[in-house]
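Worksheet: the structure to be examined is printed underneath.
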Amino acid sequence: MIPMKSKKPSAAHEAFRNDMIATLRKHQHLAADELLAVAAYFVGQLVALQDQRRMTPAMAMQVVASNIEAGNQHAMAEVAGAGGLPS
């Protein structure tokens, strides 16, 4: 595994994330699996755009995997906090 540093999201990161959420809500008529597929395709395009002198494809995929895991944990904690999952 490639050593990675963790970084607290900045206000700009949060604003970007909130804009993406707003865009997803505009297209909530699409099925969840379709939204996931399109978002994954877009992430693949972002991976391809990385400067390979600074980030190898393996490093980019590790960033993606780590952040998918963090996002999933965050979402599950929110659901559990809202009483959506049994304790």
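The heavy-atom pair separating Val63 from Asn67 by the smallest distance is O-ND2, 2.8 Å.
Think of Met20 as one node in a network of Ile, Leu, Val, Met, Phe, Trp and Tyr side chains linked at under 4.5 Å; its network also takes in Phe16.
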For residues 23-48, which side-chain N or O atoms pair as donor and acceptor with protein atoms under 3.5 Å away, sequence neighbours left out?
unit_1	atom_1	unit_2	atom_2	d
Thr23	OG1	Asp19	O	3.1
Glu34	OE1	Ala31	N	3.0

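For Met55, the CE atom is densely surrounded, since the number of other residues' heavy atoms within 6.0 Å is greater than 12.
For Ser10, the side chain to side chain donor-acceptor pair (under 3.5 Å) partners two or more places apart in sequence, or in a different chain, are His13. Residues meeting the side chain to side chain donor-acceptor pair (under 3.5 Å) test with Gln52, sequence neighbours left out: none. Residues satisfying the side chain to side chain contact (heavy atoms under 4.5 Å, CB included) test with Asn18, not counting sequence neighbours, are Ile21.
Annotation: salt bridge (charged side-chain N to carboxylate O under 4.0 Å, His left out) contacts involving residues 52-76, sequence neighbours excluded, comprise Asp51-Arg53.
Atom CD of Gln73 is separated from atom CD1 of Ile68 by 12.5 Å, given to the nearest 0.5 angstrom.
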